[in-house]
Amino acid sequence: MSSLNSAGNRPLIIVDDIEYSYDQLQQINVNEIESISILKDASTTAIYGIKGANGVLVVTTRRGKSGRPQVNVRVESGQQSPVRTPKFLDAYETALLVNEAYRNDGLQPQFTDEDLRLFKDGSDPYGHPDVNWYDAVFKKHAYQTNTNVDVSGGTDAVKYFMSGGFLSQNGLVKDFSDPRNEVNTNYFFRRYNFRSNLDMRVSKSLTLRLDVTTRFGNINQPRSANVVSEVYNFEKIHPYSAPFINPDGSYSFARDTKDALPTINARLANGGYSRSNRADFNVLFGGTQDLSFLTKGLTLTGRVAYAGIEQYSRNLFRPEEPPSFYYNPADGSYLLDPRGNYRLQAYRVTGNTDLYSRNVNIQAFLSYDRAFGDHNLNGLLLFNRQSYSFKSDIPANFRGFSFKAGYNYQQKYLLDFNGAYNGSDRFQADKRNGFFPAVGVGWAISQEPFLKESSYIKLLKLRASYGVVGSDVTDANRYLFRQEYFEGSGYSFGENHTQTGSIIEGDLGTPNVTWEKARKFDVGLDVNLYNDKLSFTVDYFHDVRFDQLVRKGSVPTMIGIGYSPTNVAKTSNKGFDGQINYRGSVRRLNFNAGLVFQHFKNKVLFRDEAQPAYPWLRETGRPIDQPFGYTFIGYYTPEDVAKIQANAHDKPATPLSEYPIQAGDLKYRDINGDGIIDNSDRGPIGKPNLANTVLGLTLGANYKGFSANLLFQGSFGYSFSVIGTGIETFQSQFQPIHQERWTPENAANAQFPRLTSNPTTVNSARTYMSDFWLIDARYVRLKTVDLGYQLPSNWLPQRINNARLYLSAYNLFTWTNYDKYQQDPEVSSNSAGDAYINQRVLNLGIQIGFK
């Protein structure tokens with residue numbers, strides 16, 4: 001994380017020499033992957049020029065090897081369940097707190113003692129219902145299956161690897177659909193994938209390569225409904241709003257809410273679905289010609305790659321809500337909902353092209369690798385051209401030249417120089433191209449005579465690199481240097497109300513805008529000890545990102561128009577990362593352990609921000625995405641309220657609000673000392689929503705065919721908060737934390753402010769964000785577990801050469817340091833936390849290999 005431009009913090013992703021997006025990467029079948037490399041320092045990323053500022057993730061897929069055909073089959077099936085299930089209070093407990101909030105607001109309580117009794121004893125399930133809508137709508141478990149078959153082999157002339165797979169994941173929503181409707185309104189995901197990698201030797205000096213990949217995916221979800229958000233949202237439904245179903249089997253509606261919508265199950269059963277169908281197709285054709293007849297070690301390679309994505313959506317829905325009724329148990333009558341729909345409307349179908357993109361990449365490069373005695377030389381000269389089009393837009397074009405030159409002497413002293421000269425059409429012609437150089441040096445100390453014969457030190461290498469890389473990524477309009485105009489809504493003129501179109505002026509262009517750049521420095525140490533049993537790598541890095549493409553904050557809004565990003569920000573990011581590995585054995589027991597670690601600290605060196613009224617409001621000098629808010633110093637006491645009402649000279653500071661302060665409200669520090677709590681009293685609170693320390697611990701062992709592998713993942717040094725329907729009363733369902741609210745009797749132990757039905761008081765996280773709501777969080781998660789047994793070969797039939805049974809699990813256990821929020825620790829800060837819940841997965845599978 002080194003840029004204020006959020007779009008510029010994503011790494012470049014390269015899969016078999018084709019650029020991938022995040023969503024394409026996560027849909028790759030892991031069975032196809034041979035290796036993953038992460039390139040971070042300037043020496044390895046400068047060759048990517050304008051796309052290398054935030055590192056490069058390089059994925060290589062499997063390829064065929066000479067030999068008889070080898071067939072591998074993997075079949076697994078498992079179940080998913082939520083990592084954390086939210087707990088909501090029942091109707092009785094909720095009604096108690098609602099009454100208390102109303103009394104705090106000076107209002108008449110909503111429920112009588114008789115209402116409370118009926119909620120508590122459950123003797124009137126239709127007049128006084130009690131429904132936990134999360135439990136009513138969601139299942140405890142959902143199932144998934146994954147099947148994959150691959151075939152590899154070949155001869156010296158042709159080598160092949162082919163793979164096909166199918167993945168199916170079901171959602172956790174219960175099936176409410178009417179069998180006669182034949183409409184699946186649940187969540188589900190289906191993916192079909194195929195890959196073919198061919199390597200052909202045409203002659204002694206010419207090889208060809210053809211890679212074809214395609215993936216088809218279907219995602220289904222309830223029409224226009226975030227179901228998790230619905231069950232969290234107190235404004236949509238209460239536990240006492242309506243019964244799950246009426247006595248006669250009809251649906252009910254939430255008559256005590258503003259929208260009075262039919263219950264969630266009614267809308268899930270009859271609301272239809274939204275379904276997206278996506279197809280990814282990638283093909284790469286390339287050839288390598290050996291030019292040894294010109295000079296030994298010289299080769300010429302050419303590649304043409306095409307990547308296409310098509311995504312279409314289909315929406316099946318009813319134009320109106322389903323009929324629903326209020327059942328009155330006193331007289332057995334039914335009252336139709338306010339919309340007056342007596343019958344179900346017919347389904348309607350709409351469709352749309354969501355995504356239609358084409359990416360063509362052409363590469364040609366000369367490579368050279370040759371040894372002259374103790375001297376080794378290598379080099380690369382690359383031409384790269386890329387054209388990307390989205391739907392009917394004009395293609396975006398990229399063109400560049402890259403080079404690499406390396407030298408080492410006896411594998412002891414290493415030197416390489418890399419550079420790229422790239423251009424992108426999102427900048428005007430004289431600002432379009434940039435040069436990005438880098439140099440790297442290394443010293444393999446273990447190759448020196450005084451260490452070469454050491455029985456303890458197998459590798460000791462010191463290395464360093466420095467260079468400049470770039471980025472042209474921003475979330476703004478494509479051509480930053482041009483003024484934008486858009487078609488707007490129509491206007492009505494004349495007596496006949498003739499509709500006339502309009503043109504809207506968009507963001508102002510910035511003629512002199514150019515690349516975002518990063519100066520990257522890295523120094524590292526690689527050590528292998530005791531016959532490579534113990535090894536570790538550690539790197540110190542210091543990046544300075546400048547000329548960042550962000551919008552000016554100093555431009556006053558009174559100009560009445562937006563302003564395109566320009567090169568006006570600078571940040572730094574420094575820290576260290578690395579890994580430690582150990583492997584050993586005791587008789588027939590083999591074991592290994594590995595620790596991956598990272599710690600960093602970033603800082604905004606300059607950003608173009610409006611001159612703040614006070615220095616503590618300035619973002620420059622703070623970490624990237626530093627949260628700002630009020631500082632919590634306790635709750636207002638009855639004594640504080642008395643001083644405020646008496647306008648005493650020593651009264652505590654209060655916000656300018658039409659709602660008077662009451663005992664139990666959150667109290668904030670008056671930083672500027674003016675006696676008023678307002679925006680001038682906001683300051684930096686907590687940490688950004690990005691862990692500054694990340695650890696990963698792998699543990700593995702195998703014994704007589706049995707194997708076990710575990711991965712623990714830990715993140716530390718970050719903050720998050722939840723607002724709105726995630727935590728605030730009368731926006732969220734009432735939760736156990738609300739029972740720990742401030743009352744006169746619980747003032748000393750309160751974990752939550754006094755209850756109020758008003759969403760804009762000083763107690764609102766959305767209106768008055770403070771460190772009361774912000775948690776300095778950390779967590780450790782057992783991310784993956786793999787337990788397996790390799791069947792002995794003498795147990796297997798003749799045609800089967802290997803078979804393995806395994807049990808795998810993901811997100812099995814999580815340990816956190818907080819209990820205020822019922823959230824997964826990876827929730828996005830300042831959100832409602834009501835997205836589809838992270839899943840715990842348990843799989844049982846078998847792998848079989850045939851010859």
Compute the ring centroids of [X] and [Y], then answer whether they are less than 6.0 Å apart.
| X | Y | result |
| --- | --- | --- |
| Phe752 | Tyr635 | no |
| Tyr232 | Phe88 | yes |
| Tyr187 | Tyr836 | yes |
| Phe234 | Phe730 | yes |

Item to complete: Apply side chain to side chain contact (heavy atoms under 4.5 Å, CB included) to Arg781 and Asn811, showing your working.
Response: CA-CA 7 Å; Arg781 171 171 282 163; Asn811 300 327; 3.4 Å; yes
Worksheet item: Can you check side chain to side chain contact (heavy atoms under 4.5 Å, CB included) on Leu25 and Val59, steps first, answer last?
Response: CA-CA 9 Å; Leu25 177 69; Val59 178; 4.0 Å; yes
Regarding [X] and [Y], do their side chains bring together a donor and an acceptor under 3.5 Å, going by distance alone?
| X | Y | result |
| --- | --- | --- |
| Gln735 | Gln822 | yes |
| Asn54 | Arg545 | yes |
| Asp543 | Asn573 | no |
| Asn843 | Gln144 | yes |

Discussion item. In terms of relative ring orientation, are Tyr718 and Tyr779 parallel, tilted or perpendicular, with 30° and 60° separating the classes?
Written reply: perpendicular
Discussion item. With side chain to side chain contact (heavy atoms under 4.5 Å, CB included) as the criterion, how do His542 and Lys520 come out once you've worked through the C-alpha distance, each side chain's angles and the decisive distance to 0.1 Å?
Written reply: CA-CA 6 Å; His542 186 185; Lys520 301 171 79 73; over 6 Å; no
Worksheet item: Quick one: CG on Asn672 to CH2 on Trp616, what's the gap to the nearest 0.5 Å?
Response: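 Asn672 atom CG to Trp616 atom CH2 measures 5.5 Å (nearest 0.5 Å).
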Discussion item. Please report the interatomic distance CG(Leu666) to OG1(Thr761), rounded to the nearest 0.5 Å.
Written reply: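 Reported to 0.5 Å precision, the distance equals 8.0 Å.
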Fill in: Distance-minimising heavy-atom pair for Leu97 and His738
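In terms of heavy atoms, the two residues are closest at CD1-CB, 4.0 Å.
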Practice prompt. Could you check Val596, Asp526, Asn581 and say which one makes a side-chain contact (heavy atoms from CB on, under 4.5 Å) with Thr537?
Written response: Asp526
Item to complete: Show your reasoning for whether side chain to side chain contact (heavy atoms under 4.5 Å, CB included) applies to Phe712 and Leu695.
Response: CA-CA 8 Å; Phe712 292 90; Leu695 301 176; over 6 Å; no
Worksheet item: Taking side chain as C-beta onward, heavy atoms only, is Tyr821 less than 4.5 Å from Trp773?
Response: yes
